[in-house]
Amino acid sequence: MAQSTFDRRRVNGPEESFSPVFDEEDDAELGWTVKHGRGLADIRPIFLQPGLVSQANGSAYIETEKTKLACAVYGPRQSKTTTYSERGRLNVEVKFAPFSCVRRRSPLRDAEDRAVAIAVYQSIVSSICLELFPKSTIDVFIVVIENDGIEGCIASGSIAASTALADAGIEMLGLVASCSAGVRGDEIRLDPVEKEAAAADGTVILACMPALSSITNVYQSGRVSVQGALKCMELCQDRCIDVHAVMAQSLLSSRTSTG
Amino acid sequence: MTGLSKVEISYIRSSLLSDPPLRADGRAPEDFRPIAVETGVAPLANGSARVSIGQPRAGRGHEAEGAGGGTEVVAAVKLEVDGVGDDEEGGKVICSVSCSPAAYPHLSSPALDDLQSDLTSLLGSVLSHPSLCPQNLVIVPGQKAWALRLDTIVFADAGNVVDCLMLACRAALVDTRVPSTRSVEYRAPGRQSGTLNEVPDDLMDVDQSRNGPSSMLETRDPSSAVDFELADYWDEGKVLESRDSWPVCVTLNMLPTIHFLDATSQEETAVPLRLHTMFSFPGGKPTSHGMRMAGAGTSDMTQIGLLLKHAEKYARNMWIGLEAKLAEEEARRSVKAREKFYGGRRR
Amino acid sequence: MSVVPDEKKPTPTNQVQSDELRAQIFQRLHPHAYLDRFLVEGVRPDGRTPEEWRDAFINVGSVSTADGSALVRIGGTTIVCGVKAEIAEPELDTPDQGFLVPNIDLPAICSPKFKPGPPSEEAQVLSERLNAALVSTQLLPLTTLCIEPGRSVWCLYVDATCINYDGNAFDAALLAMVAALRNTTLPVATYNEETGRTTCRSRTTRHPLSLNRDKLITGLSFGVVPTPSVPLDPTAFEEPLLIRAFSVVVDVQGRVVFVEGGVCGKSGTDYDGDEGSTLIEKSIQAAQERAKILHQLLQ
Amino acid sequence: MDLDDLETGEYRLTCPGETITSAHDFMRGHGTYVDDELVIASVAGTVQRVNKLVTVRAARSRYNAEVGDLVVGRITEVQPRRWKVDANSRQDAVLMLSSVNLPGGVQRRKLESDELQMRTFFEEGDLLVAEVQAFFADGAMSLHTRSLKFGKLRNGQLVVVPPVLVRRLKSHFIALPCGVDLILGLNGYIWVCKHMQDADHGDEGFDAEAVYSNQNDEIDGPTRLAISRVSSIIRVLADHFVPLTDTLFLEAYNWLIEQEVNTKDLILGDLGDAMVAATCSVR
């Protein structure tokens with residue numbers, strides 16, 4: 001929104017500026033009735049392509065309709081810190097492009113970047129064999145190009161990060177797939193878009209390794225009943241098997257195309 | 001502190017897995033250390049609470065390592081008047097956590113910053129969720145609202161800091177009073193004013209603050225209320241509307257076959273995987289406000305299903321305990337507040 | 001990682017692998033000599049001739065959260081640019097002019113040489129050059145961004161983010177910014193005298209920006225190496241080896257509107273006056289030809 | 001126990017800056033300084049006098065090492081030919097590679113290969129018991145583990161108490177009858193572990209595998225319970241600022257068993273008070 005502080009490292013605009021205000025307002029209640037022609041248990045189609053960033057050790061670009069983000073993996077490389085660590089360190093940094101949200105984001109790091117980074121970190125950290133990389137750091141960088149709900153962002157970010165790690169040839173226990181769900185009343189919708197998530201009572205994000213049927217992350221917000229949350233997790237876990245297939249397919253086809 | 005040695009970690013883990021499970025201080029897996037709650041600790045705040053888990057060994061410095069000690073947190077709520085943006089309903093909850101460097105003497109300052117922002121984002125994602133925003137933070141619909149700043153400070157961390165933080169937050173929020181306000185309206189003379197005047201000797205037309213979504217219809221009406229004033233009355237104000245929804249947190253530390261509660265720092269190091277669950281029981285009905293898995297390790301559906309059932313039970317016990325304590329504190333408080341107000345007047 | 005000794009008879013596949021390995025080691029240890037060997041033969045490490053451009057690709061309007069957007073790829077270099085329009089008060093001395101705020105971000109994702117955090121020196125210099133190019137050419141007359149003189153104007157934040165950095169970010173970023181601006185549409189905004197507020201009527205009724213059609217610009221970058229050739233469109237490997245680099249900005253009619261010395265490379269061996277001017281003439285010619293192709297892409 | 005022989009026979013407490021006596025008649029000791037011909041306290045604590053020497057013993061301070069002290073420490077860093085050890089002192093202590101027993105005989109020479117595998121002996125976080133050997137010029141203490149009594153610690157847990165509570169005893173290795181061993185580090189770190197058999201001693205019996213092992217032995221439930229009990233006793237005694245002796249542990253332990261107290265209730269406070277009252281009054 002407003003660019004409050006003068007930053008001599010960037011080209012600066014006016015001291016203050018505001019998002020345009022529209023006379024006709026969207027009704028927030030309409031969020032849940034958003035039409036997108038998919039069933040409650042359907043997720044958005046995933047376009048996933050590994051190896052897009054040629055400079056990185058591994059990378060992936062993911063697009064699920066309006067959620068678009070790129071992820072690159074650098075490492076394992078020597079940790080900067082001097083203290084010895086027996087296990088490798090995983091570092092996840094998330095950056096939203098200034099134009100990625102409905103309101104312009106200031107280019108400075110904010111709390112949401114960090115929140116998404118922590119969630120993605122939790123999703124993928126247990127899948128990596130960090131004990132094989134003493135003294136090393138694996139950097140995972142994510143740039144969100146277009147954001148359609150923080151839930152989708154975390155889920156897609158985890159998928160892209162896991163794919164990029166596999167693309168970088170880093171040893172892992174399994175691929176991490178992730179899926180989100182929104183609950184309103186008794187109705188559960190998988191992979192909600194931003195408006196749906198805003199209109200929902202609560203949301204659940206699940207990350208798991210379908211190959212090992214183990215869960216690496218559970219992230220629930222808003223209000224949900226225990227039964228509702230468990231039901232969401234089960235539905236998400238089922239859907240993650242499909243996501244896993246997409247990930248495996250994209251990795252295999254990228255391998256065969258590059259020879 | 002350089003963490004624990006491998007043998008210490010394996011000793012803690014194997015003790016927990018032995019039958020019956022055993023912990024360093026003799027507790028059973030589902031036992032908490034003694035919890036102390038005190039509200040109204042910050043006189044200048046609109047609501048505040050101090051919570052400690054385990055016995056704080058204040059003033060004994062770094063000996064917290066290995067020797068137990070306690071986790072101690074203070075939470076305080078300050079209300080600030082804030083403009084309402086064009087597409088906002090008004091009222092917001094802003095959380096922040098700061099960690100005293102004394103609580104983490106072994107952390108470098110960037111690591112401390114990271115920890116603070118991690119805890120802040122955890123608290124914020126649960127407590128600042130729109131579903132918890134109290135309706136009565138609106139002062140003048142479409143114009144002004146209270147911004148609720150919930151600041152917490154971690155004074156000592158001997159493990160299980162998240163549960164302690166959430167307890168302190170709930171206690172402080174329940175302790176919070178929103179000052180009574182009345183909207184002030186400027187009207188052309190001669191117009192009929194249908195106002196309810198609580199204090200008759202007021203000079204201006206006053207209108208009792210109208211809260212809730214019903215008044216949202218008038219936000220674009222230029223002749224409606226534009227400003228407000230504070231009521232001068234012994235009562236400090238009204239409680240927050242969603243006070244029965246602010247959740248408590250129970251952290252379940254997970255080993256493959258068992259789980260345990262209220263881990264000490266050593267236990268947290270030895271058993272990194274945990275599940276934070278936030279529950280509230282408005283009207284006795286359990287509602288989950290947040291779940292976060294943290295730490296390296298994996299779980300599975302059956303374990304999580306089981307954990308959640310247990311978590312609900314533990315959270316309910318904690319909720320009931322906290323409610324009883326808060327009711328006690330409240331009784332004490334209103335007497336104190338009344339005395340303070342009239343005492344101040346007489347002087 | 002050891003080179004297979006010569007006396008050993010390697011199997012054919014081993015032979016290929018070890019040759020590749022040796023080339024890699026040579027490239028890492030003596031990058032200058034490595035590049036020179038190629039240029040002497042009239043080719044470059046990526047197979048291009050020194051006078052060859054990399055393929056360019058533009059995709060516009062894919063980011064729905066932006067008021068205008070473009071994705072540009074030149075070879076491996078990928079840049080996404082989005083325009084966000086906001087409303088601001090104009091400066092006192094220019095009450096009828098809006099703002100155009102171009103910035104480029106080179107995040108840690110795009111290359112191992114960038115770290116997370118505030119903009120690197122390279123990003124700061126690039127932002128300044130892009131700003132200079134966009135402002136000096138008057139591609140977008142700022143008066144067209146005025147809503148109510150002295151009260152309310154549009155402020156266009158043109159933010160480019162590099163996803164993959166393989167050299168020549170200037171060309172790609174400028175192309176992305178111009179394409180994004182061409183793609184940008186603004187809602188109809190009105191200033192209400194009474195309330196002092198600016199509002200837009202509808203999200204759907206939108207108008208494109210009034211760009212100066214004949215001022216559409218493209219940037220073209222060249223490198224200077226000791227050998228008498230000017231490798232254009234340098235890659236990330238070549239960039240640090242150049243002793244000089246410069247960029248030419250050409251408009252739609254082929255007029256040169258902007259020439260600037262580059263950021264990378266160290267000064268030192270300069271060409272003699274004559275040699276230097278023919279070099280520049282040659283490059284400008286190359287730029288004009290290339291510009292035609294890019295303009296077609298933009299249309 | 002009471003060694004100070006102030007003529008008045010009473011304890012005197014003092015604070016930094018307080019004048020104690022004249023510098024003409026007395027010599028200044030630790031915890032004091034001389035200004036304007038007066039001996040002035042520089043720490044808060046009790047005044048002690050031995051003949052003409054006046055010292056102030058701080059009520060609470062970090063550990064002040066002396067040569068020959070037994071300490072329990074934790075490795076913080078592995079450096080070329082040495083380990084850095086946190087021993088609750090002003091500086092990290094140093095354990096030289098040459099001051100430890102290495103596998104293959106106590107007297108063997110240190111090889112380059114030993115330098116390369118220092119982490120297989122001690123790594124970051126490991127606890128060890130050692131003796132203060134000497135001091136470096138900069139005041140850092142040098143440790144050694146060249147005895148079979150010393151080395152890596154296993155099979156138990158660490159309890160930390162203020163160093164002043166650990167008195168110098170005849171032996172700092174205490175075997176309690178409940179099957180629990182105690183190692184009282186003079187630096188306030190106390191190791192509580194399962195009783196070790198005084199098995200085959202002698203240089204030949206030196207078993208590198210066992211000395212540098214990162215595996216715990218099999219420990220049964222009752223022993224674990226006893227370890228946790230003893231640890232709690234130490235914590236409670238330390239909370240009440242009671243100097244620790246071997247007899248005290250025994251009495252407290254027996255009291256706990258007699259009263260059939262659940263260990264976890266000790267941390268609740270009241271019971272701890274009762275225990276301290278019961279055991280300390282006996283003496």
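Proteins get letters first, then strands, A, B, ... in listed order; numbering begins at 1 in each.
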*Got more than 12 heavy atoms from elsewhere within 6.0 Å of NZ, Lys313(B)?*
yes
Residues 291-299 of chain B side chain polar contacts: donor-acceptor under 3.5 Å, at least two apart:
residue   : atom : partner   : partner atom : Å
Arg292(B) : NH1  : Gln220(A) : O            : 2.6
Arg292(B) : NH2  : Ser125(B) : OG           : 2.6
Ser299(B) : OG   : Gln303(B) : OE1          : 2.7

Contact origin within [X] toward chain B - heavy atom pairs under 4.5 Å:
X: Thr216(A); answer: both
X: Glu112(A); answer: neither
X: Ile118(A); answer: side chain

Which residue out of [options] racks up the most heavy-atom pairs below 4.5 Å with chain B?
options: Ile205(A), Val125(A), Leu230(A), Ile128(A); result: Leu230(A)
options: Ala119(A), Ser127(A), Ser221(A), Ala117(A); result: Ser221(A)
options: Ala229(A), Gly222(A), Ser126(A); result: Gly222(A)

*Between CE of Met301(B) and SG of Cys208(A), what distance do you get to the nearest 0.5 Å?*
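If I round to the nearest 0.5 Å, the distance is 9.5 Å.
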*asked:* Measuring from atom OG of Ser280(B) to atom CZ of Arg223(A), what distance do you get when rounded to the nearest 0.5 angstrom?
replied: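 Separation between the atoms: 6.5 Å.
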*Side chain, backbone, both or neither: which part of Leu132(B) has an atom under 4.5 Å from a heavy atom of chain A?*
both
*Check the pair Thr203(A) / His129(B) against side-chain contact (heavy atoms from CB on, under 4.5 Å), numbers first and verdict last.*
CA-CA 11 Å; Thr203(A) 55; His129(B) 196 272; 5.6 Å; no
*Given side chains that start at C-beta, do those of Val218(A) and Ile304(B) come closer than 4.5 Å, heavy atoms only?*
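Yes, side chains in contact.
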*Is Arg114(A) reaching over with its side chain to a backbone N or O of Asp118(B), donor-acceptor style, under 3.5 angstrom?*
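The answer is no, because no donor-acceptor pair under 3.5 Å joins these two groups.
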